[in-house]
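All residue numbers refer to positions in the sequence shown, counting from 1. Keep in mind that this is a model prediction, so the values were computed, not measured.
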Amino acid sequence: AGGANENMCAESWHSTITLSQNITVPNGTYKLTGQAFYRQDGSDDDNLPYFYANDAKQTFPLKTGSENSMSDASASFSAGKYVIDPIWVYVDNGSLTVGVKLETNTSLWCIWDNFVMTYYGDVSIVEAQNAALVKSYKEALAEAQSYQEIGMFESELEAFNTIVTNNTLDLSSATAEELTTATANLVAANVTASKNCAIYTTYTNIATAIEGKTNVDVTSYIANLGFETGTLEGWTSVDGGSQANNKNFSKMSGEHFVERWKNNAALGNGSLTHDVVCLPKGIYTITAEAQNIEQYNNNAAGMGYFLCAN
């Protein structure tokens, strides 16, 4: 086991896997999910790792990100990535065996975490799957309704309300296909709505803070301007640097900053931009602690990096 302390995970490197646990359980339908991936270091794509519950199984997803350690995997799992499709199983003898297995293939890096088992009662798998669809739909709809209450700018709210209305179902007659489609539409709309609500909330908070005033510091209303989360949350970097806290920047305030550095070479093009912030009309000043030096050229003053707005 390894990874971040708040989310440990398990791995196997270039070896087979046999890991299982047998549980005495009430009869009925169960759903098993987990998070995992494998990296192919060889050529055998027929024998792959899988989660299983009794005779039902689900293959690990192939790694698609840049993960190269247990800590990397732990961070991806914490971010909700690499969730397997659910395994559904009906138990009729009170015995359930769950686990992870990889047979014969010894050319893979496999890593897994976060088994989740859900009991749906002594009902058929089809009945349990329908109940899960209804639950997911209700959760997505409730989240959408919460964004409607928070509010967003008029045009965005109108578009969002249309999506919610078009995907509000009569649960007494909705089919599985309708539930699946409506849930997917609401989940996608909720991602955008969450961002729009955050933008709108920031705008209204700043508008309230500056009403009838001048020379108001509104820095604290805008997310992570000082990078003190220890991440680039709220920013988009296109070869524009990464978060650091190595104390090499004498002008820094706080514990974190962003740097872009190359050994004995000039920097190429890059940008670091904050996500959209909508501000009330007016004149604003923006300042930052910054330096641009050519360490390969006796720390001469660098050229070509700018602080800009709009």
Side-chain angles (χ1 to χ4, degrees), residues 29 31-35 58 61 64-65 76-88 114 116-121 123-209 211 218 220-224 229 231-236 273-281:
T29 292
K31 180 179 75 172
L32 174 68
T33 63
Q35 291 171 277
Q58 186 61 246
T64 56
S76 291
F77 293 153
S78 293
K81 299 178 181 178
Y82 297 110
V83 178
I84 65 166
D85 290 336
I87 299 171
W88 294 91
N114 298 329
V116 177
M117 180 75 72
T118 305
Y119 177 59
Y120 285 87
V123 297
S124 70
I125 289 178
V126 171
E127 290 173 309
Q129 288 174 330
N130 287 337
L133 287 174
V134 170
K135 180 175 182 291
S136 296
Y137 168 77
K138 287 182 175 179
E139 290 173 348
L141 182 60
E143 182 179 352
Q145 291 168 340
S146 72
Y147 293 136
Q148 289 175 313
E149 293 176 4
I150 294 171
M152 55 192 86
F153 291 109
E154 184 176 353
S155 61
E156 295 162 345
L157 180 59
E158 182 178 347
F160 183 64
N161 286 342
T162 298
I163 294 174
V164 174
T165 298
N166 290 343
N167 289 279
T168 299
L169 304 177
D170 179 356
L171 293 181
S172 66
S173 59
T175 66
E177 183 178 0
E178 289 171 337
L179 284 165
T180 300
T181 299
T183 301
N185 291 341
L186 289 170
V187 168
N190 285 342
V191 172
T192 301
S194 174
K195 296 177 181 177
N196 288 338
C197 283
I199 292 170
Y200 179 75
T201 299
T202 298
Y203 175 88
T204 56
N205 287 341
I206 292 176
T208 299
E211 186 176 6
V218 296
S220 62
Y221 292 97
I222 303 175
N224 199 27
T229 62
T231 69
L232 293 184
E233 179 183 359
W235 295 83
T236 299
T273 56
H274 198 281
D275 294 348
V276 175
V277 177
C278 292
L279 299 171
K281 291 180 180 180

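When each of Val116, Asp85, Thr118 is checked for a side chain to side chain contact (heavy atoms under 4.5 Å, CB included) with Thr33, only Val116 meets the rule. For the side chain to side chain donor-acceptor pair (under 3.5 Å) with Asn185, the lone residue among Asn166, Asn190, Thr180, Asn167 that qualifies is Asn167.
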Evaluate the criterion side chain to side chain contact (heavy atoms under 4.5 Å, CB included) for residue pair Val164 and Leu141; output intermediate values, then yes/no. CA-CA 8 Å; Val164 174; Leu141 182 60; 4.1 Å; yes
Begin from the C-alpha positions of Leu186 and Tyr137 and carry the test side chain to side chain contact (heavy atoms under 4.5 Å, CB included) through to its verdict. CA-CA 8 Å; Leu186 289 170; Tyr137 168 77; 3.8 Å; yes
Test side chain to side chain contact (heavy atoms under 4.5 Å, CB included) on Asn224 and Leu232; report intermediate values, then the result. CA-CA 8 Å; Asn224 199 27; Leu232 293 184; 5.7 Å; no
Using side chain to side chain contact (heavy atoms under 4.5 Å, CB included), reason through Asn161 and Gln148 one step at a time and then give a plain yes or no. CA-CA 8 Å; Asn161 286 342; Gln148 289 175 313; 2.8 Å; yes
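Although no hydrogens or angles enter the test, the distance criterion places a donor-acceptor pair under 3.5 Å between the side chain of His274 and the main chain of Ala223. Checking side-chain atoms of Tyr82 against main-chain N and O of Thr64 turns up a donor-acceptor pair under 3.5 Å. Between the Ser136 side chain and the Leu133 main chain, no donor and acceptor come within less than 3.5 Å of each other. Between the Gln35 side chain and the Phe77 main chain, a donor and an acceptor come within less than 3.5 Å of each other. Remark: side-chain polar atoms of Thr201 are not paired, donor with acceptor, to backbone N or O of Ala198 under 3.5 angstrom.
Within 6.0 Å of CD in Glu233 there are 12 or fewer heavy atoms belonging to other residues, nucleotides or ligands.
No side-chain heavy atom of Glu143 sits less than 4.5 Å from a side-chain heavy atom of Val187. In this structure, the side chains of Glu154 and Leu157 stay at 4.5 Å or more apart for every pair of heavy atoms. Here the side chains of Ile206 and Pro280 are in contact, with some heavy-atom distance below 4.5 Å.
Atom OH of Tyr203 and atom OG1 of Thr208 lie 10.0 Å apart (nearest 0.5 Å). Taking OH from Tyr200 and CD from Glu156, the interatomic distance works out to 11.0 Å, rounded to the nearest 0.5 Å. Between atom CH2 of residue Trp88 and atom CG of residue Leu32 there is a gap of 11.0 Å, rounded to the nearest 0.5 Å. For the atom pair OG (Ser124) and CD (Gln129), the distance works out to 8.5 Å, reported to the nearest 0.5 Å. Between the CG atom of Leu169 and the OG1 atom of Thr181 there is a distance of 9.0 Å, given to the nearest 0.5 Å. Note that CG of Asn196 is 9.0 Å distant from CZ of Phe153, once rounded to the nearest 0.5 Å.
Of all heavy-atom pairs spanning Ala193 and Met152, the tightest one is CB-CE, 4.0 Å. In this structure, Val123 and Glu127 approach most closely via the heavy-atom pair CB-OE1, 3.3 Å.
Within the structure, the ring pair (Phe, Tyr, Trp, His ring centres under 6.0 Å) test picks out no pair touching residues 158-191 (sequence neighbours left out).
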